[in-house]
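Atoms within each ligand, like the ligands themselves, are counted from 1 in listed order.
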Amino acid sequence: MDAPLDPSERPAASRWLPAGCFAGKTAVVTGGGTGLGLELSRGLAALGARVAVASRSTEHHAALLAEAAQRSWSVSSHALDVREPAQVEALADELRAELGHVDVLVNNAAGNFVCPAERLSVNAWRSVLGIVLDGTFYCSKSFGRRMIADGGGSILNVVATYAWTGMPGVVHSASAKAGVLAMTKTLAAEWARHGIRVNAIAPGPFESEGAGANLWPDEASRARIERGIPLQRFGTAEEMAAHCLYLLSPASDYVTGECLVVDGGGSLAQPFWDAGTRFSRKRAAREDGES
Ligand code: HXC
């Protein structure tokens, strides 16, 4: 399908890139039916890609499939638990047979909840590490091996800034995301010679049902998080997806092994003091008089 030339007719995330810039490309998005995955899938499809969305529950794909039918986008739905390497291999085989070379892989599937480390069960630890760290590796290996054989591609991983800052209550997710960040840089260096770029994005808090219900379930926790963000608001899934599209597009062809932080400044240092009140009034008056 020809992508609409008028950017205002496209989903918000895709408006910053030229129409059709993913034409002829095939993209796989894990967890592609909800939140960031959904907006990214919509953006890729609107810019001309054939998009395969893969997650445990294909019910999550219904809205995207309905929109795709209406807009003549090419979107297919696949059941996949990224913790199962045999399922990942089977999907990679199936997509290669049906769609040919897979150019783009987005490792977006994630699991997370807040739990004190001393109370986290072994099964809970394994669930999150299994989805985030193991799943990202299984998908990268299966699709990456085929990208090597087929002449290259682009992989994008979704991490979080607490991969390097740490964050109380999410030792499972922070440990897994730190591993994914190391994986991003390692595979970028290892696979560059095969024409494969590997990058990551670290979104700050953004409006999303999955994360919202588990991480900021009430107004008080939401407001507390918002106060710590210099730009003073949550982001949107569309804003996050726009940066993902940039990292997957030819606009970033010379970028690999990079992690783009999109968090409104939320991971910057919190102030020890209020610079405005600490600045001497006398001194301010003197300087204002001089200018
Ligand atoms: C404590 C919990 C728990 C909770 C689950 N468990 N939820 N423990 N607190 N809130 C425990 C269960 O008791 C169980 O351990 C183990 O975890 C596995 O749970 P299951 O539900 O049986 O497993 P499964 O069906 O595989 O589900 C995995 C899941 C899932 C991770 C727990 O619920 C999930 O994916 N939820 C949220 C998805 C999400 O939030 N996505 C957005 C991520 S955003 P026991 O010992 O009882 O068997 C993100 C970035 C944030 O990560 C960045 C912010 C800036």
*Please could you name the atoms of ligand 1 that Arg83 approaches to less than 4.0 Å, counting only its heavy atoms?*
26 (O)
*What residue and heavy atom of the protein are closest to atom 48 (O) of ligand 1, and at what distance?*
Asn123 ND2, 2.7 Å
*Which residue pairs pass the salt bridge (charged side-chain N to carboxylate O under 4.0 Å, His left out) test with at least one member in residues 146-168, sequence neighbours excluded?*
Glu89-Arg146, Asp93-Arg146, Arg96-Asp150
*asked:* As a check for students: among Trp216, Phe113, Tyr162, identify the option with a heavy atom nearest to atom 7 (N) of ligand 1.
replied: Phe113
*Minimum-distance protein heavy atom relative to atom 19 (O) of ligand 1*: Ser127 OG, 4.3 Å
*Which pairs count as side chain to side chain donor-acceptor pair (under 3.5 Å) when at least one residue sits in residues 118-130, sequence neighbours excluded?*
none
*Minimum side-chain heavy-atom gap Val159-Cys259 below 4.5 Å*: yes
*Looking only at non-hydrogen atoms, which of Gly31, Gly37, Gly111 approaches atom 34 (C) of ligand 1 most closely?*
Gly111
*How about atom 9 (N) of ligand 1: does it have a protein heavy atom within less than 4.0 Å?*
yes
*Mark up the atoms of ligand 1 that fall under 4.0 Å of a heavy atom belonging to Arg56, in ascending order.*
24 (P), 25 (O), 26 (O), 27 (O)
*asked:* Quick check against the 3.5 Å criterion: does Arg197 have a side-chain atom that pairs as donor or acceptor with the backbone of Val255?
replied: yes
_Checking side chain to side chain contact (heavy atoms under 4.5 Å, CB included) between Ile196 and each of Ile148, Leu187, Thr256, which is the one that passes?_
Ile148
*Those atoms of ligand 1 less than 4.0 Å from some heavy atom in Ala110*: 35 (O), 38 (C), 41 (N)
*Check each atom of ligand 1 against the heavy atoms of Leu215 and keep those under 4.0 Å away; list them by number with element.*
51 (C)
*Taking C-beta and beyond as the side chain, do Ser208 and Leu36 meet within less than 4.5 Å on heavy atoms?*
no
*Closest protein heavy atom (residue, atom, distance) for atom 49 (C) of ligand 1*: Asn112 ND2, 3.6 Å
*Determine the sole option in Thr30, Asp134, Asn107, Asn108 for which the side chain to side chain contact (heavy atoms under 4.5 Å, CB included) test with Val82 is passed.*
Thr30
*Below 4.0 angstrom from a heavy atom of Ala124, which ligand 1 atoms are there? Numbered from 1 as shown, please.*
11 (C), 15 (O), 16 (C), 17 (O)
*Taking it one step at a time, do Asn157 and Thr184 satisfy side-chain hydrogen bond (donor to acceptor under 3.5 Å, both in side chains)?*
CA-CA 7 Å; Asn157 298 324; Thr184 303; 3.0 Å; yes
*asked:* Below 4.0 angstrom, counting only protein heavy atoms, does anything approach atom 21 (O) of ligand 1?
replied: no
*State the atoms of ligand 1, each with its element, that fall below the 4.0 Å cut-off from a heavy-atom position in Ser121.*
15 (O), 45 (P), 46 (O)
